[in-house]
Amino acid sequence: MTYTPSTQHTSVPAPRGVPDRHINAVRQATDVLYEVVEELDQAALRGPSLLPGWTRGHVVTHLARNADALVNLLTWARTGVEHEAYASRADRDADIEEGSRRILQVIKADLDSACLRFDAACREMPAHAWRSEVTAPRGQSIPASTVPLFRLREVWIHLIDLNYGVGFEDLPADFVEEFLDDAVKQFEGRVDPFSIEVTLPDGTQRIWTVNGPASRNSVSGSASAVLGWLTGRTDGAGLRGELPELPDWI
């Protein structure tokens, strides 16, 4: 596969509101994704991922369809014509299931094309369009400027799901706090309040309160351990405190 990051935004500062930092981080994460996928052979592709019932082929196919879904949102923001990320959850799931059965070369080519479409959509966005409101796959209204961060999170979390040498400790340190912010938001209205004291990659500590005011229930640990637990990828081993039962990650 070939992926050539655009240099369009590197020569001059990005206009206000353009998520240039996240766009560039997506390109870097995509390069890592390509490196991992390039190492897969057909047998490895059919092997289990960390997601129940999904092979690595499912995960790679999902990353391709997610790129296209987010292109739909950027097209909506750019044109003003409503364009949902996915036609429906059932269609999304069917596309992933069908795509996962393809041969390795086709899955790789599909991923390559989808990632390039997403990068092109980011490059083609007028500065004002990043402020447009669209509806995220989870149903919430968001400014289009958050779409690259959504993609960044998807690429890194599913790189870990491939179970092929990338772990939570490999997440880019500059974005760990943003990933944690997003993870905490997933549990609004879904769990009893508890707090998390996190040791960030630079050694500093920060406290998040999940779903309400400060609580006597507290969990603490490293950023990688906390993220693994919050996203349902680990059982919380290595964390301190009484771990509440979390609902499924969405």
Side-chain angles (χ1 to χ4, degrees), residues 9 14-27 29-30 51 62-96 114-115 117-158 161 171-172 174-196 206 208-213 226-227 230-232 246-250:
H9 300 295
R16 185 176 180 182
V18 176
D20 215 35
R21 175 171 169 266
H22 292 145
I23 293 169
N24 288 329
V26 169
R27 292 169 181 156
T30 300
L51 297 176
H62 168 58
L63 282 168
R65 298 291 70 76
N66 172 260
D68 286 336
L70 297 182
V71 168
N72 289 341
L73 297 187
L74 294 181
T75 302
W76 178 355
R78 180 171 53 81
T79 65
V81 178
E82 184 173 342
H83 202 329
E84 296 284 352
Y86 299 102
S88 69
R89 178 71 185 221
D91 287 339
R92 166 195 175 273
D93 293 346
D95 285 345
I96 293 170
C115 289
R117 285 192 292 270
F118 179 79
D119 189 68
C122 288
R123 287 188 280 109
E124 292 166 2
M125 283 280 284
H128 68 85
W130 290 111
R131 298 190 294 272
S132 300
E133 293 286 318
V134 296
T135 301
R138 296 172 186 149
Q140 72 272 39
S141 180
I142 59 169
S145 59
T146 63
V147 168
L149 178 59
F150 274 41
R151 180 60 179 172
L152 182 64
R153 181 201 64 212
E154 285 289 306
V155 172
W156 275 109
I157 294 298
H158 291 308
D161 289 334
L171 294 175
D174 290 350
F175 295 96
V176 164
E177 284 191 79
E178 291 177 85
F179 290 159
L180 282 163
D181 284 337
D182 179 74
V184 167
K185 290 176 184 176
Q186 303 306 309
F187 299 105
E188 291 180 357
R190 304 176 68 210
V191 294
D192 293 331
F194 68 98
S195 62
I196 308 172
R206 182 180 164 190
W208 275 264
T209 300
V210 180
N211 196 37
V226 169
L227 274 169
L230 288 177
T231 58
L246 298 179
D248 291 340
W249 177 257
I250 57 175

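One distance of note links OG of Ser145 with CG of Asp20; it measures 12.5 Å at 0.5 Å rounding. Separation of atoms CZ (Phe118) and CG (Leu63) is listed at 12.0 Å; rounding is to 0.5 Å. Annotation: the span from Thr231 atom OG1 to Ile157 atom CD1 amounts to 5.0 Å, rounded to 0.5 Å. Summarising the geometry, atom CD1 belonging to Ile23 is positioned 13.5 Å from atom CZ belonging to Arg151; distances are rounded to the nearest 0.5 Å. Going from atom CG of Asp119 over to atom CG of Asn24 covers 9.0 Å, rounded to the nearest 0.5 Å.
Salt bridge Asp181/Lys185: absent, no basic N to carboxylate O contact under 4.0 Å.
There is no side-chain donor-acceptor pair under 3.5 Å between Arg190 and Asn211.
Annotation: side chain of Pro193 is not in contact with side chain of Thr209 (no heavy-atom distance under 4.5 Å). Counting heavy atoms from C-beta outward, Leu180 and Arg206 have side chains that stay 4.5 Å or more apart. Phe187 has its side chain within reach of Trp249: a pair of non-hydrogen atoms, C-beta onward, lies under 4.5 Å apart. Residues Pro148 and Arg27 have side chains not in contact (no heavy-atom distance under 4.5 Å, counting atoms from C-beta outward). Residues Glu178 and Asp182 fail the side-chain proximity criterion, which asks for heavy atoms closer than 4.5 Å. Looking at Glu154 and His62, their side chains come closer than 4.5 Å, going by heavy atoms from C-beta outward.
Taking Asp91 as the reference, Ala87, Ser88 meet the side-chain contact (heavy atoms from CB on, under 4.5 Å) condition, with sequence neighbours excluded. The side-chain contact (heavy atoms from CB on, under 4.5 Å) check on Asp192 picks up nothing, with sequence neighbours excluded. Partners of Phe175 according to the ring pair (Phe, Tyr, Trp, His ring centres under 6.0 Å) rule, which considers only residues two or more places apart in sequence or in another chain, are His22. Thr146 meets the side-chain contact (heavy atoms from CB on, under 4.5 Å) test with Ile142, Pro143, Phe150; sequence neighbours excluded. Listed by chain and number, the residues in a side-chain contact (heavy atoms from CB on, under 4.5 Å) with Ser141 are Glu133 (sequence neighbours excluded).
For the pair Thr30 and Val155, the tightest heavy-atom approach, listed with the atom from each and the gap, is N-CG1, 4.4 Å. Closest non-hydrogen pair, Ala29 versus Trp156, comes out as CB-NE1, 3.3 Å. The minimum heavy-atom distance linking Tyr86 with Asn66 is given by the pair OH-CA, 3.4 Å. Taking each heavy atom of Ala25 and Leu152 in turn, the nearest pair found is O-CD1, 3.5 Å.
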Identify each donor-acceptor pair in which a side-chain atom of residues 68-83 lies under 3.5 Å from a protein atom, sequence neighbours left out, and give them as a table.
from, atom 1, to, atom 2, distance (Å)
Asp68, OD1, Arg117, NE, 2.9
Asp68, OD1, Arg117, NH2, 3.1
Asp68, OD2, Arg65, NH2, 2.8
Asp68, OD2, Arg117, NH2, 3.0
Asn72, ND2, Glu84, O, 3.4
Asn72, ND2, Ala85, O, 2.9
Thr75, OG1, Val71, O, 2.9
Thr79, OG1, Thr75, O, 2.7
Thr79, OG1, Val81, N, 3.2

Item to complete: Decide yes or no on side chain to side chain contact (heavy atoms under 4.5 Å, CB included) for Gln186 and Leu230, but give the supporting numbers first.
Response: CA-CA 9 Å; Gln186 303 306 309; Leu230 288 177; over 6 Å; no

